Amino acid sequence: MSTQERKTETIPEWKQQEVDEIGDFLDRYDSVGVVDITGIPSRQLQDMRRDLHGSAELRVSRNTLLARSLEEAGSGREELTEFVSGQVGLIGTNENPFSLFQQLEASKTSAPINAGEVAPNDIVIPEGDTGIDPGPFVGELQSIGANARIEEGSIQVLEDSTVLEAGEEVSADLSNVLSELGIEPKEVGLDLRAVYADGVLFEPEDLELDVEQYRADISAAAGRAQNLALNAEIATSDTAPSLLAKASGEAKNLALYAGIENEEVMPDLISKADGQVRALAAQIDDEEALPEELQDLDEPAADAQTDDQPDDSEDADEEDADAEEAEADDEEDDDGDDVGDALGDMF
């Protein structure tokens with residue numbers, strides 16, 4: 001029977017110490033992600049570390065040690081190992097992944113692009129005055145595809161000119177022209193490749209939100225929920241004031257239509273009665289058939305009020321009786337008795 005030798009992997013002590021320190025780093029934070037640091041100069045990377053202080057921490061090490069640390073940490077964080085390639089680092093925070101993504105995106109700054117680099121997006125030289133005096137530079141602009149000429153004593157770009165499309169390599173001539181114009185077409189910053197938090201692996205497309213639109217959607221949803229609660233008469237601390245106001249208004253309308261005498265609705269009842277009397281009086285052609293108080297009156301609006309309303313029921317009854325008698329004597333008005341009775345019924 002043959003024996004098979006097993007090779008046990010051993011790593012130097014300094015590497016194991018590094019893995020242990022990265023493990024401690026992973027344990028300190030609720031959210032851990034992998035960020036791309038390609039092309040970021042070391043000095044600028046240090047500035048980014050300082051900017052993150054207090055909200056997040058960046059840890060850079062050899063990829064093999066980062067991957068080993070993630071595998072040993074387990075609890076789902078080993079899923080991040082597939083994103084450990086190229087120039088990367090680990091970032092940890094106790095904030096939610098969405099806040100981390102927004103912070104990293106906001107911290108990015110523009111930077112010049114060098115010859116040999118790949119354009120991250122279309123490079124456009126904008127229309128306008130370059131501020132450069134006439135000279136050979138106009139030829140350089142034209143050679144890279146910009147629509148430029150000398151006008152009014154300076155070099156002008158006549159229209160927005162796309163001189164390189166995304167994914168194409170930057171030439172030395174283009175890099176020099178962009179540098180001369182002060183155009184910085186690329187962004188420099190920490191690109192979040194993935195982040196693991198609360199048992200979920202998030203990628204950038206999951207975290208890229210339109211915050212203003214999200215707030216608008218939440219606000220609209222809250223408004224629709226409140227309208228539903230009001231229409232369904234669901235009493236909550238938010239809907240109770242509106243429900244009470246609605247009930248009060250409906251009770252008042254009921255009292256007005258039913259003619260219920262109440263201290264709160266009495267002014268409205270008197271105003272309503274006054275308006276009805278005036279409307280009836282306006283339909284009578286012969287003003288002499290009306291009491292003096294009702295003569296020369298225009299038909300009021302529906303909510304019109306007047307101070308000419310009789311003060312007590314006895315005076316009102318006397319005036320109604322006079323109106324009925326006058327209308328009874330008016331042979332030309334066939335509807336006189338009905339109108340008089342209606343006037344009397346009003347009081």
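Bear in mind that the values here come from a model prediction, so they are computed numbers and not experimental data. All residue numbers refer to positions in the sequence shown, counting from 1.
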Visitor: Check the side chains of T239 and S242 for a donor-acceptor pair under 3.5 angstrom, ignoring hydrogens and angles.
Guide: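 T239 and S242 do not have a side-chain donor-acceptor pair below 3.5 Å.
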Visitor: Does any part of the side chain of E165, heavy atoms only, come nearer than 4.5 Å to the side chain of E168, both counted from C-beta?
Guide: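 They are in contact (side-chain heavy atoms under 4.5 Å apart), so the answer is yes.
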Visitor: Flag the pair L174 / L164 as yes when at least one side-chain heavy-atom distance between them is below 4.5 Å, and no otherwise.
Guide: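 Result yes, sub-4.5 Å side-chain heavy-atom pair found.
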Visitor: State whether the number of non-hydrogen atoms from other residues, nucleotides or ligands found under 6.0 Å of E152 atom CD is greater than 12.
Guide: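 No, the 6.0 Å shell around CD holds no more than 12 heavy atoms from other groups.
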Visitor: Any side-chain heavy-atom pair from L104 and L52 closer than 4.5 angstrom?
Guide: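 When only atoms from C-beta onward are counted, L52 and L104 do touch, with a gap below 4.5 Å.
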Visitor: Considering all heavy atoms of both residues, which atom of G135 and which atom of I150 are nearest to each other, and what is their separation?
Guide: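 Looking at all heavy atoms of both residues, the shortest contact is N-CD1, 4.3 Å.
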Visitor: Decide yes or no for F83 and L192: does some side-chain heavy atom of the first lie under 4.5 Å from some side-chain heavy atom of the second?
Guide: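 No, their side chains stay 4.5 Å or more apart.
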Visitor: Is there a side-chain contact between V60 and L90 (heavy atoms, below 4.5 Å)?
Guide: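 Result no, sub-4.5 Å side-chain heavy-atom pair not found.
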Visitor: Verify whether one side chain among S271 and D274 offers a donor that lies under 3.5 Å from an acceptor in the other.
Guide: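 No - no donor-acceptor pair under 3.5 Å links their side chains.
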Visitor: If I compare all heavy atoms of I183 with all of P126, which pair ends up nearest, and what's the gap?
Guide: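 What the structure gives for the nearest pair is CD1-CD, 4.0 Å.
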Visitor: Under 3.5 Å, is there a donor-acceptor pair linking the side chains of Q103 and S55?
Guide: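 On atom types as modelled, these side chains qualify, holding a pair under 3.5 Å.
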Visitor: Verify the distance criterion only: is there a donor paired with an acceptor across the side chains of S154 and D129 at less than 3.5 Å?
Guide: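 Judged by distance alone, the side chains do pair up.
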Visitor: Give a yes or no on this: more than 12 heavy atoms of other residues, nucleotides or ligands lie within 6.0 Å of atom CD of E208.
Guide: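 12 or below, so no.
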Visitor: Is there a side-chain contact between D268 and K252 (heavy atoms, below 4.5 Å)?
Guide: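 They are in contact (side-chain heavy atoms under 4.5 Å apart), so the answer is yes.
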Visitor: Report yes if some heavy atom in the side chain of D133 is under 4.5 Å from a heavy atom in the side chain of I155; otherwise report no.
Guide: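 Side-chain contact under 4.5 Å: no.
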Visitor: Answer yes or no: are there more than 12 heavy-atom neighbours, outside D198 itself, under 6.0 Å from its atom CG?
Guide: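 No.
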Visitor: State whether the side chain of Q16 and the backbone N or O of E13 hold a donor-acceptor pair below 3.5 Å, judged by distance alone.
Guide: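 No.
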Visitor: Within a strict 4.5 Å, meaning less than it, do heavy atoms of the T93 and V195 side chains meet?
Guide: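 Side-chain contact under 4.5 Å: no.
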Visitor: Using the salt bridge (charged side-chain N to carboxylate O under 4.0 Å, His left out) rule, take R77 and E71 through it: C-alpha gap first, then chi angles, then the decisive distance, then the call.
Guide: CA-CA 7 Å; R77 293 181 176 178; E71 290 172 353; over 6 Å; no
Visitor: Donor-acceptor pair, D160 side chain versus E127 backbone, under 3.5 Å?
Guide: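 Side chain of D160 to backbone of E127, a donor-acceptor pair under 3.5 Å: yes, one is there.
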Visitor: Do you see a donor-acceptor pair shorter than 3.5 Å between the side chains of N176 and E180?
Guide: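 Note: N176 and E180 side chains miss the donor-acceptor criterion.
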Visitor: I'd like to know if R59 pairs up with E18 as an ion pair, taking the criterion as any Lys NZ or Arg NE/NH1/NH2 lying under 4.0 Å from an Asp or Glu carboxylate oxygen.
Guide: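 Salt bridge between R59 and E18, a charged N being under 4.0 Å from a carboxylate O: yes.
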Visitor: If you count heavy atoms of other groups shown closer than 6.0 angstrom to CZ of R28, is the number above 12?
Guide: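 Yes, the 6.0 Å shell around CZ holds more than 12 heavy atoms from other groups.
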